[in-house]
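For reference, the structure is listed below as structure tokens.
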Amino acid sequence: PDTCAEETRVQLRTTILTWASDESGPRVYWLTGLAGTGKTTIARSVCIDADAAGKKIISFFISRGDATRNTATRIISTLAHQLSGCHPAVASVIFEASNTVPLPSHYSVAIQTEMLLVRPLHEYAINVARPLFIVIDALDEGTDHEENSDFSFGNGGHMLAALISVLCQQGVISSYS
């Protein structure tokens, strides 16, 4: 995957990493820009930089042309899989959810988010001292139009705002701006 060339976009990458380390500031950093300006490249580079700095990271990079990387369900399941590697207690919550009948994939995206992200993120907050850095790239490229989704891409592409709202309501994120 493409990353920033060495010594490029240093100021922006440093700004994002500084933001990620500030636990008293806003919990969401929204990188915007015109198509083709390098947002995905910056996001990939920041993930590498954050990992090198010892930050715990989970990420999802949406791709409109890849059916395995362009739906809300894929975002949730991938982030849950990555989250399960953060701590045994977190993995246990995800394991229990994934063994429900019916399977989480049969529920709405909102319920899947609760089962596979919100509950495990609560467990992460209880058991892991360091903050979790979550990167979701290219939400505008999602093609999901699930009828049972409370925040699918088909609902005006507002999945991130809805996901953040759910996480705030559940107390996973204390605030954002």
Side-chain angles (χ1 to χ4, degrees), residues 1 3-4 9 12-32 39-63 68-98 104-105 107 109-142 150-151 158-177:
T3 56
C4 294
R9 303 290 203 146
L12 178 56
R13 290 164 47 197
T14 300
T15 298
I16 294 170
L17 287 175
T18 300
W19 161 83
S21 299
D22 180 7
E23 294 184 40
S24 64
R27 301 314 328 144
V28 176
Y29 190 101
W30 195 316
L31 182 62
T32 62
K39 296 177 300 294
T40 298
T41 302
I42 291 166
R44 283 190 186 115
S45 296
V46 167
C47 285
I48 291 167
D49 296 343
D51 184 56
K55 299 200 178 304
K56 190 66 185 166
I57 306 161
I58 62 173
S59 63
F60 192 88
F61 289 79
I62 297 169
S63 175
T68 66
R69 293 179 36 215
N70 66 8
T71 65
T73 300
R74 292 291 186 166
I75 292 171
I76 294 163
S77 62
T78 300
L79 292 177
H81 174 75
Q82 293 173 15
L83 188 57
S84 70
C86 293
H87 190 275
V90 176
S92 177
V93 171
I94 294 170
F95 179 77
E96 287 175 28
S98 64
S105 59
Y107 291 103
V109 172
I111 292 173
Q112 289 179 51
T113 301
E114 170 68 27
M115 294 171 72
L116 299 172
L117 291 179
V118 172
R119 290 179 192 160
L121 285 168
H122 275 294
E123 201 62 39
Y124 181 91
I126 292 167
N127 289 289
V128 183
R130 63 184 177 159
L132 180 63
F133 189 51
I134 303 172
V135 175
I136 303 173
D137 178 66
L139 275 166
D140 59 327
E141 292 192 20
D150 294 332
F151 46 87
H158 299 294
M159 183 180 173
L160 180 61
L163 179 58
I164 291 168
S165 176
V166 167
L167 295 176
C168 284
Q169 289 169 9
Q170 296 298 321
V172 175
I173 299 174
S174 58
S175 65
Y176 72 98
S177 62

Output for pair (Ile76 CD1, Leu116 CG), nearest 0.5 Å, gives 7.5 Å
So, do Phe60 and Gln82 sit near enough that their side-chain heavy atoms are less than 4.5 Å apart?
no
Quick one: closest heavy-atom pair of Lys56 and Cys86, and the distance?
CE-SG, 3.3 Å
Any side-chain heavy-atom pair from Leu83 and Leu132 closer than 4.5 angstrom?
yes
Under the side-chain contact (heavy atoms from CB on, under 4.5 Å) criterion, do Phe61 and Val135 qualify, and how do the steps go?
CA-CA 8 Å; Phe61 289 79; Val135 175; 4.2 Å; yes
Working note: Ser21 + Lys55, criterion side-chain contact (heavy atoms from CB on, under 4.5 Å); need CA distance, chi angles, decisive distance, verdict.
CA-CA 9 Å; Ser21 299; Lys55 299 200 178 304; 2.8 Å; yes
Closest non-hydrogen contact found for Ser77 with Arg74 is OG-O, 3.3 Å
Measure the shortest side-chain to side-chain distance between Tyr107 and Glu114 over non-hydrogen atoms and say whether it is less than 4.5 angstrom.
no
I'd like to know if the side chain of Ser45 and the backbone of Cys4 have a donor-acceptor N/O pair within less than 3.5 Å.
yes
Restricting to side-chain hydrogen bond (donor to acceptor under 3.5 Å, both in side chains), what partner residues turn up for Thr78, sequence neighbours left out?
none
Heavy-atom closest pair (Ser59 atom, Cys47 atom, distance to 0.1 Å) is CB-SG, 4.2 Å
Under a 4.5 Å cut-off applied to non-hydrogen side-chain atoms, are Asn127 and Val90 in contact?
no
Looking at NE2 of His122 and CD1 of Ile126, how far apart are the two atoms once the value is rounded to the nearest 0.5 Å?
8.0 Å
Qualifying residue, where the test is side chain to side chain contact (heavy atoms under 4.5 Å, CB included) with Leu117 and the options are Ile94, Ile75, Ile134, Leu79:
Leu79
Can you list the residues that meet the side chain to side chain contact (heavy atoms under 4.5 Å, CB included) rule with Leu12, with sequence neighbours excluded?
Arg9, Ile16, Tyr29, Leu31, Ile42
